[in-house]
Amino acid sequence: MNTKEQKKSPVGLIVLIAAIVVIIVVLHFLTKRVLLSPDNLKILLGNMAVPTIICIGFTFIFACDITDLSPGAIVLLTANVTGIIGNAFHNPVVSIILMVLGAIVAGVLCGLLNFTIYRVTKIPPWIAGLGMTMVYEAIVSMYSQYRALQGLQVEFLRDENRVLGSSPWIYIVLVICVVIAYFIYNNTTIGINIRATGCNQNVSSTMGINVSKTLIMGGIIAGFFFGVAGVLKESVSIFTPAQGGLTSLSTVFQPLAAVLLAKTLSKFVNRIIAVPISTFIIVLIFNVLTLFGVPSGTFQEFLLGAVVIIFAIFAQRGVKGVVK
């Protein structure tokens, strides 16, 4: 079984980069030279941090050949954990360290729980994932109701604890996550085993890979990144309100479009490197729409849905049989 990614074509990569640069430059002039201005680039890079890290988590889930749409609810939960722990301590350094650790632990536990359920119950992951989405949403809603009964709102993260959501720390965290993901995905036994298991569980088992352990580790790794995404989301937004009725799914549409585009771009560049490139392109598209005066809301959501479908078509080209 070939668990290594195919050799990338340098010519194809050069053509791809050139095409992206040309399109961005054209859009820069069409937006009256606003798109590539320093202030707008700072906004773009800041806006891509959370979706990129969620996309990294999705990459490990999809590498396991699992379809799970609960990450939006996991990020919702870990963001609230961030607020609760962050405000529980008065020393900013202690608060930041503990809220990061707490959110990561919460994300890892969610990933462990999800993938254990998938393996033990044999329920199709996309069905069980929707169920877990409602569970995580309900936990945050119950916490919100508890606060409301006390005459309080959900936790507003104090300004001194929000440094990870501002420059330069938000960019540093993003780079660290990409480096960690690249190393795990490409240079560790667990990364190779995850990709091998995702390709064919029967063959992987024959080769001596513990399929259940490998898939659960994939969920744990994804949960780690969802925890970090929750920290950044809370740090940027100050607070993360409760959601219900699967509305947290809207959180994953941009990362989902990015991970599908990354799968297409992986023909030219390593999958993990393709993730931030893809997220930047997605965020850029919606930034351009905003600069053109297209209001956020229904039309942009319609376009996002269309982008997901289009990228899914390209990502699944050449795939035979039923796609999970």
Side-chain angles (χ1 to χ4, degrees), residues 47-58 61 67-87 99 102-111 113-114 117 125-157 162 164-165 219 222-259 279 282-283 286 295-305 307-308:
N47 288 345
M48 68 175 282
V50 173
T52 299
I53 296 173
I54 296 176
C55 185
I56 290 173
F58 262 126
I61 289 176
T67 301
D68 180 3
L69 297 179
S70 68
I74 296 176
V75 172
L76 171 68
L77 179 61
T78 58
N80 276 274
V81 169
T82 298
I84 295 169
I85 296 178
N87 288 341
M99 74 185 195
I104 289 175
V105 169
V108 166
L109 290 176
C110 289
L113 178 60
N114 281 17
I117 290 173
W126 70 271
I127 296 177
L130 290 177
M132 296 309 298
T133 296
M134 299 183 72
V135 169
Y136 298 139
E137 287 181 347
I139 292 173
V140 177
S141 294
M142 286 188 291
Y143 159 71
S144 180
Q145 291 171 7
Y146 170 75
R147 294 277 295 180
L149 290 174
Q150 295 182 318
L152 303 171
Q153 294 177 307
V154 294
E155 296 282 358
F156 282 66
L157 193 62
R162 297 178 56 213
L164 295 181
F224 168 86
F225 290 108
F226 297 145
V228 176
V231 173
L232 292 189
K233 183 175 179 63
E234 184 78 359
S235 299
V236 171
S237 304
I238 305 179
F239 77 102
T240 307
Q243 294 176 279
L246 300 178
T247 54
S248 63
L249 289 176
S250 62
T251 307
V252 304
F253 288 152
Q254 277 197 9
L256 184 58
V259 78
T279 311
I282 299 297
V283 171
F286 291 94
S296 59
T298 305
F299 182 76
Q300 289 199 13
E301 290 176 359
F302 165 80
L303 181 60
L304 180 56
V307 167
V308 170

- Result for side chain to side chain donor-acceptor pair (under 3.5 Å) between E234 and one of T82, T240, T78 points to T240
- Less than 4.5 Å apart, any side-chain heavy atom of S235 and any of M99? yes
- With side chains defined as the heavy atoms from C-beta onward, is the minimum distance between Y136 and V140 less than 4.5 Å? no
- Between L232 and A49, which heavy-atom pair has the shortest distance, and what is it? CD1-CB, 4.3 Å
- Qualifying salt bridge (charged side-chain N to carboxylate O under 4.0 Å, His left out) pairs with a residue from residues 73-82, counting only residues at least two apart or across chains: none
- Query: If we only count heavy atoms from C-beta on, is the T251 to V50 side-chain gap below 4.5 Å?
  - Reply: no
- Show the numbers, then the answer: is there a side chain to side chain contact (heavy atoms under 4.5 Å, CB included) between Y143 and I139? CA-CA 6 Å; Y143 159 71; I139 292 173; 5.8 Å; no
- Message: Tell me whether D68 contacts the main-chain N or O of P125 through its side chain, where contact means a donor paired with an acceptor under 3.5 Å.
- Response: no
- Please walk me through it: do Q254 and V283 pass side chain to side chain contact (heavy atoms under 4.5 Å, CB included)? CA-CA 8 Å; Q254 277 197 9; V283 171; 4.0 Å; yes
- When you look at V105 and L109, which way does the side chain to side chain contact (heavy atoms under 4.5 Å, CB included) test go after all the steps? CA-CA 6 Å; V105 169; L109 290 176; 3.9 Å; yes
- Query: Angle class for the F226/F58 ring planes (parallel below 30°, perpendicular above 60°, tilted otherwise)?
  - Reply: perpendicular
- Query: For G245, does its backbone N or O pair with a side-chain atom of E137 as donor and acceptor, under 3.5 Å?
  - Reply: yes
- Item | Student check: side-chain heavy atoms of I282 and P51 closer than 4.5 Å | no
- Partner of F225 under side-chain contact (heavy atoms from CB on, under 4.5 Å), picked from I56, I61, I74, is I56
- For T52 against M48, the heavy-atom pair lying closest together: OG1-O, 2.5 Å
- Query: For I54 and V75, what are the C-alpha separation, side-chain angles and deciding distance, and is it a side chain to side chain contact (heavy atoms under 4.5 Å, CB included)?
  - Reply: CA-CA 8 Å; I54 296 176; V75 172; 4.0 Å; yes
